[in-house]
Amino acid sequence: MKPSIPKGTRDFSPTEVAQRNYIFNTIKATFETYGFQPIETPSFENSSTLMGKYGEEGDRLIFKILNSGDYLKKVDEQLLQEKKSNAVTSKISEKALRYDLTVPFARYVVQHQNEITFPFKRYQIQPVWRADRPQKGRFREFYQCDADVVGSTSLLQEVDFVQLYDAVFSKLNLVGTTIKMNNRKILSGIAEVIGAKEKLIDFTVALDKLDKIGKDGVVTEMLGKGITEEAIEKVSPLFSFTGSNSEKLDALANMLQASEEGTKGVEELRFVCNTIQELGLQSASLEIDVTLARGLNYYTGAIFEVAAPKEVKMGSIGGGGRYDDLTGIFGLKDVSGIGISFGLDRIYLVMEELGLFKTVSLPKPKVLFLNFDSENDSIKLKAIQSLRSKNIKSELYPDVAKSNNQQKKQWKYAINRGIEFVVSKVEDNQFLVKDMTQGTQNTCSLDELINTVQ
RNA sequence: GUGAUUGUAGCUCAGCUGGUUAGAGCGCCGGAUUGUGGUUCCGGAGGUCGCCGGUUCGAAACCGGUCUUUCACCCCA
């Protein structure tokens, strides 16, 4: 049998794990600096918790778990005959792998509302699963690193999250990221102005192609989708939507005068932009992007998405937004939440491509005892014991060398693993130790060995 | 879900328009030499050429299907 792993999953080598941990630890430390506390939730949830929260497309991408036992027994004969997959699926699968961390978190908040002090700031770093077709930067199993706050409607949270993004990417030395921001209320305002709420998605999709197909192309596409000329005229400032954030905001404010909701969205966004401008960002830039719609249909206010530095071609490496009523679905009304997510696997790929992992070192032993004879085993093992008790990573090569060649193999092992000190001979409680980086060698006692190595 | 793309030894790949027992480098194992640093030399193991079917006197190569890889679209982290 040929060994293999499922599509869209990966094994991680020791080096990769070390590099990933470096990112995990940076994110984790920053989350805690900002006052978030960790929680964890199960890998799988009841299907009813997840289904219907991510739109039609999302539901399709949820991995369903087959019921145990004779699961076909309960299914109507007729349903099976008709081969209606959706209807049958809900009968034979009652659990599903989590698709993101936000919805399980909402469930958690409602379920544990009596134990929680609001506003509740939690972070969560766990894998999620999507039955997507894999490609560059897209996997079927990947990690999300989420931070959310529930129980506060303050726009200061939005500001906090922009800073949090900037802090993490700066610590990772990932310079040049763009934090794109939009507001769902602005999108609703635009929909109101063009007089067609159901055309909003067509509208933003077309608008997003502006730099690819130009203004005329976008207008043609919008007309083709049934958006009227008057409507397009009303939002025409969007077609020349460059300039600074405040210029964009002024244009939006002007355009959305007639829409109460739209105006509110502009005000919210303006507050966040102004505050951030006062505070300043280290390495990221904040940019208003009205084409940012995001598929997750639970967002109601701010929307975030982070783009990698321009020289790397990669989908978004982070995203998030405000949701006013996510917990409402689970029966807890009037709790506003906002959160962001870091896509660890994509951040990893971007950092790899930019060569930012040079400083990350692998955990490896510092001292290796070669094993050329078993005569002084107990002395060697005791020495290793004392080294380890001083937190010096040490090990004994397990197999005794029976030939020159095998001795050579042990030296090679030391070289390949980049081990700093090699003890090749133990005699009368004296250790022959070689400093592999210097190429020097001398005999010493155990105490001296510990001292040189420390 | 749509459209491409890939598949030969543990790894990276050769294998010309179908023609004998399918190769190389690296790695692995054993040995010799080098006093304990990546040397050199000798030997060895390891492949149903992704899988199934077809065309042919003959298929790793051509055709069909299937799985797999990678990528783009959609969507997203």
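Order of the sequence lines fixes the chain letters, A, B, ..., with proteins taken first and strands second; residue numbering starts at 1 for each chain.
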Closer than 3.5 angstrom, by distance alone: can the side chain of Asn183(A) be matched with the main-chain N or O of Glu268(A) as a donor-acceptor pair? no
Give the rounded distance in Å between these two atoms: OH of Tyr397(A) and C1' of G37(B). 15 Å
Rounded to whole Å, CG of Asp11(A) lies from C1' of U69(B) at a distance of 15 Å
For Glu375(A), does the CD atom sit with more than 12 other heavy atoms under 6.0 Å from it, leaving out its own atoms? no
Between C76(B) and A59(B), how far apart are the C1' atoms? Round to whole Å, please. 44 Å
Options C71(B), C75(B), U68(B), nucleotide nearest the side-chain atoms of Glu57(A): C75(B)
Which listed nucleotide (U36(B), A77(B), G1(B)) is nearest to the side chain of Phe139(A)? A77(B)
Keeping the roles fixed (side chain from Thr178(A), backbone from Lys180(A)), state whether a donor-acceptor pair exists under 3.5 Å. no
Measuring only the C1' atom in each nucleotide, how far is G7(B) from A77(B)? A whole number of Å is fine. 29 Å
Gap in Å between the two C1' atoms, one belonging to G27(B) and one to U12(B), rounded: 11 Å
Mind checking the P distance from A4(B) to G64(B)? Whole angstroms is fine. 13 Å
Determine the contact category for Gln406(A): base if any of its heavy atoms lies under 4.0 Å from a base atom, sugar-phosphate if only primed atoms, P, OP1 or OP2 are that close, otherwise nothing. sugar-phosphate
Counting any heavy atom closer than 4.0 Å, what does Gly137(A) reach on the DNA or RNA strands: base, sugar-phosphate only, or nothing? base
Among C75(B), A72(B), U69(B), which nucleotide sits nearest the side chain of Lys313(A)? A72(B)
Using only heavy-atom distances, decide whether a donor-acceptor pair under 3.5 angstrom links the side-chain of Arg138(A) to the base of U70(B). no
Under 3.5 Å on both distances, the Watson-Crick or G-U partner of G58(B): none
Does a side-chain N or O of Ser403(A) approach OP1 or OP2 of G31(B) to a distance below 4.0 Å, or not? yes
Which base sits across from U17(B) as a Watson-Crick or G-U pair, both distances under 3.5 Å? none
Can you identify which nucleotide, out of C76(B), G37(B), C71(B), has its nearest atom closest to the Arg130(A) side chain? C76(B)
Quick one: which of U34(B), A77(B), G37(B) gets closest to the side chain of Asn404(A)? U34(B)
Using a heavy-atom cut-off of 4.0 Å across all strands, would you classify Asn405(A) as base, sugar-phosphate, or nothing? base
What are the atom names and distances for every N/O pair under 3.5 Å that joins the protein to nucleotides 40-44 of chain B?
none

Hey, does Tyr143(A) reach any base, or is it just sugar-phosphate, or nothing, if we go heavy atoms under 4.0 Å? nothing
If you look at every strand shown and take non-hydrogen atoms under 4.0 Å, does Ile317(A) touch a base, only sugar-phosphate, or nothing? sugar-phosphate
Considering every strand shown, what is the Watson-Crick or G-U wobble mate of G25(B) when both distances are under 3.5 Å? C11(B)
Would you say Asp160(A) and Leu156(A) make side-chain contact, with heavy atoms under 4.5 Å? no
Is the shortest heavy-atom distance from the side chain of Lys364(A) to the side chain of Ile419(A) under 4.5 Å? no
For Ile347(A) and A77(B), what is the distance between atoms CD1 and P respectively, to the nearest whole Å? 13 Å
Spacing between Arg140(A) atom CZ and C76(B) atom P, to the nearest angstrom: 18 Å
Touch check for Ser424(A), heavy atoms < 4.0 angstrom, all strands: base, sugar-phosphate only, or nothing? base
So what does Gln441(A) touch, heavy atoms closer than 4.0 Å: a base, only the sugar-phosphate, or nothing? base
Does Phe142(A) stack onto the base of A77(B), taking stacking as ring centres under 5.5 Å apart and planes under 30° apart? yes
Pair Asp325(A)-Thr300(A), side chain to side chain donor-acceptor pair (under 3.5 Å): steps then yes or no: CA-CA 8 Å; Asp325(A) 203 30; Thr300(A) 53; over 6 Å; no
If you take the centroid of each ring, where Trp contributes its six-membered ring, are Phe36(A) and Phe161(A) closer together than 6.0 Å? yes
Taking atom P in both G31(B) and C67(B), what distance in whole Å separates the two? 48 Å
Would you indicate what Gln144(A) reaches in the nucleic acid, counting non-hydrogen atoms under 4.0 angstrom: base, sugar-phosphate, or nothing? sugar-phosphate
Can you tell me, in whole Å, how much space there is between the P of G50(B) and that of G10(B)? 13 Å
Rounded distance in Å between the C1' positions of C63(B) and A72(B): 27 Å
Please compare Leu61(A) and Leu432(A) by the position of their nearest nucleotide in RNA chain B and report the one closer to 5'. Leu432(A)
Side-chain donor or acceptor of Arg346(A) under 3.5 Å from a matching atom on the base of C76(B)? yes
Mind checking Leu344(A) for me? I need base, sugar-phosphate or nothing, with any heavy atom below 4.0 Å counting as a touch. nothing
Under a 4.0 Å N-O cut-off, is there an ion pair linking Glu395(A) with Arg417(A)? yes
Please report the distance separating the C1' of U6(B) from the corresponding atom of C51(B), rounded so that it comes out in whole Å. 15 Å
Within this structure, what is the CD-to-C1' distance between Glu141(A) and A77(B), rounded to whole angstrom? 14 Å
Are Phe342(A) and Tyr165(A) close enough that their ring centers fall under 6.0 Å? yes
Figure out the OH/P separation between Tyr54(A) and A77(B), and round it to whole Å. 10 Å
Is the side chain of Asp324(A) donor-acceptor paired with the backbone N or O of Ser336(A) at a distance under 3.5 Å, no angle test? no
Please state how far atom CD in Glu420(A) lies from atom C1' in U36(B), giving the value in whole angstrom units. 18 Å
May I ask you to verify whether the side chain of Lys434(A) and the base of G37(B) hold a donor-acceptor pair under 3.5 Å? yes
What integer distance in Å separates Trp411(A):CH2 from U39(B):P? 15 Å
Sidechain N-carboxylate O distance under 4.0 Å for Asp345(A), Arg10(A): yes
Both Asp345(A) and Arg133(A) contact RNA chain B. Taking the nearest nucleotide for each, which residue is further toward the 5' end? Arg133(A)
Measuring to OP1 and OP2 of U70(B), would you say a side-chain N or O of Gln135(A) lies under 4.0 angstrom away? no
Does a side-chain N or O of Lys409(A) approach OP1 or OP2 of C29(B) to a distance below 4.0 Å, or not? yes
How would you label the contact of Asp435(A) with the nucleic acid (heavy atoms, under 4.0 Å): base, sugar-phosphate, or nothing? base
